[in-house]
Number of protein chains: 2
Amino acid sequence: MTNCQEDFIDTLVDDLSNIVASLGINRVAGQLYILLFFSQEPLSLDEMTKRLKISKGHVSTNIRALERWNAVRKIWVKGSRKDYYEANCDTLKIILIQLKLGLNQRFDELDKIINNGKNKIESIKKNNTQESIEVTLDFEKKIKQVEKMEKELRRLLDALKFFPF
Amino acid sequence: MTNCQEDFIDTLVDDLSNIVASLGINRVAGQLYILLFFSQEPLSLDEMTKRLKISKGHVSTNIRALERWNAVRKIWVKGSRKDYYEANCDTLKIILIQLKLGLNQRFDELDKIINNGKNKIESIKKNNTQESIEVTLDFEKKIKQVEKMEKELRRLLDALKFFPF
DNA sequence: TAGAACGTTTGAAATATATTAAATATTGAG
DNA sequence: CTCAATATTTAATATATTTCAAACGTTCTA
């Protein structure tokens, strides 16, 4: 591979991984994915280590995270004992699946918190002073507002599947 | 305010701020917003400091971040020189506006990177060997793929405004 | 206009996260 | 099976982030 080709990819790796990192995704995972995305051939851990100038362990850990997300896959290369990887280039699908997974987890947590809140409101209602009635009314209103927001967000997330990609 | 009311809110602040923090938003900003969201009265910096058991400076810095996001507003309380704040309870709108802002910024960066890449491809093409032709074809294909993905994501983001909230 | 009551900034300390090099475990060609 | 080539884990180090206390600046009141 000529030098200007590697330069082309390396520049993209640097620039694009900045965006990835700014979105809260591990920078090294981003670098690895981008490197593989633009490479014409699968790369071994050693090659990735050399290209990104980071430690072998670091590459190993992060490539397996990418594997878990189905963002890269291991490729068998005859006559070599090394693990080679190539990118799954369906980037948008990977992003949306991960997004959905992450948000659904949070929604489930939120459900627990909301139920907890509702139970507490019931028990406050038992100490049935005039003051407590007013206060619980307000709490109830606000908990319902949170519930409504969650419902809307769930619906929004669900609607992604109708989007014509 | 009775103790069980403060307890009710404090528990929600703890639980919900975990979700907020797990989404990459500053935990203290989350705590402040949630505290104000469930409080029936505007709170002063001192009150927030006491409730969250964090330093005054910390509250000050984070409440102003929330103000910038239009997530809280300063309230004038007659006869007090303190700044009081209340939550803007339209949480979903706040989230979506911030999301849109953040992503549009990234899209603009991405545009620059893509253009850069295209220019580089043109200059590689000048060294017009058989090898370079094959390689640039592949680079072009992949850059186009990135472009397509950005277009789809922009469209998706834009479609939010048609969603019936 | 001085002093008190605030809010903000700052620089240092604590904490969390990322990164590495080296030790350990695993694998597959011979 | 064995051993050398790989991959993974780990424990330490470096780096980044969060947090605080104290200094500073501002504003209102008397």
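In this text, all values refer to a predicted model and were calculated from it rather than measured experimentally. Order of the sequence lines fixes the chain letters, A, B, ..., with proteins taken first and strands second; residue numbering starts at 1 for each chain. When reading the values below, keep in mind they use all heavy atoms of this one structure, side chains included, and skip hydrogens, waters and symmetry mates.
One atom, CZ of A/R27, and another, C1' of D/dT17, lie 16 Å apart when rounded to the nearest Å. The nearest whole Å value for the distance from the NZ atom in B/K53 to the C1' atom in D/dA21 is 18 Å. Remark: P of D/dT6 and CH2 of A/W76 are 12 Å apart, rounded to the nearest angstrom. Between B/E47 atom CD and C/dG7 atom P there is a gap of 10 Å when expressed in whole angstrom units. Atom pair B/R64:CZ and C/dT9:C1' shows a separation of 8 Å (rounding to whole Å applied). As a whole-Å value, the separation of B/N26 CG from D/dA16 C1' is 14 Å. One interatomic measurement links the two molecules: NZ of A/K82 to P of D/dA7, which rounds to 7 Å at whole-angstrom precision. Residue A/M48 contributes atom CE, which lies 9 Å from atom P of D/dA7 at whole-angstrom precision.
For B/K148, the NZ atom is loosely surrounded, since the number of other residues' heavy atoms within 6.0 Å does not exceed 12.
When each of C/dG7, D/dT9, D/dC28 is scored by its nearest atom to the side-chain atoms of B/K56, the top-ranked nucleotide is C/dG7. Comparing C/dA21, D/dA7, C/dA29 by their nearest atom to the side chain of A/S55 picks out C/dA21. Among the nucleotides C/dT19, C/dA29, C/dC6, the one closest to any side-chain atom of A/V28 is C/dT19. Relative to the side chain of A/S60, the nucleotides D/dT9, C/dG7, C/dT20 differ in distance, and D/dT9 lies closest. Checking D/dT27, D/dT6, D/dT9 against every side-chain atom of B/R81, the shortest atom distance belongs to D/dT27.
A donor-acceptor contact shorter than 3.5 Å is absent between the side chain of B/Y84 and the backbone of B/E41. Of the possible polar contacts, none joining the B/R51 side chain to the B/L43 backbone as a donor-acceptor pair under 3.5 Å is found.
Under the 4.0 Å criterion applied to side-chain N and carboxylate O atoms, B/D10 and B/K53 are not assigned as salt-bridge partners. One finds no salt bridge joining A/R155 and A/E150 here, because no Lys/Arg side-chain nitrogen approaches an Asp/Glu carboxylate oxygen to under 4.0 Å.
B/T61 comes within 4.0 angstrom of a base, heavy atoms only.
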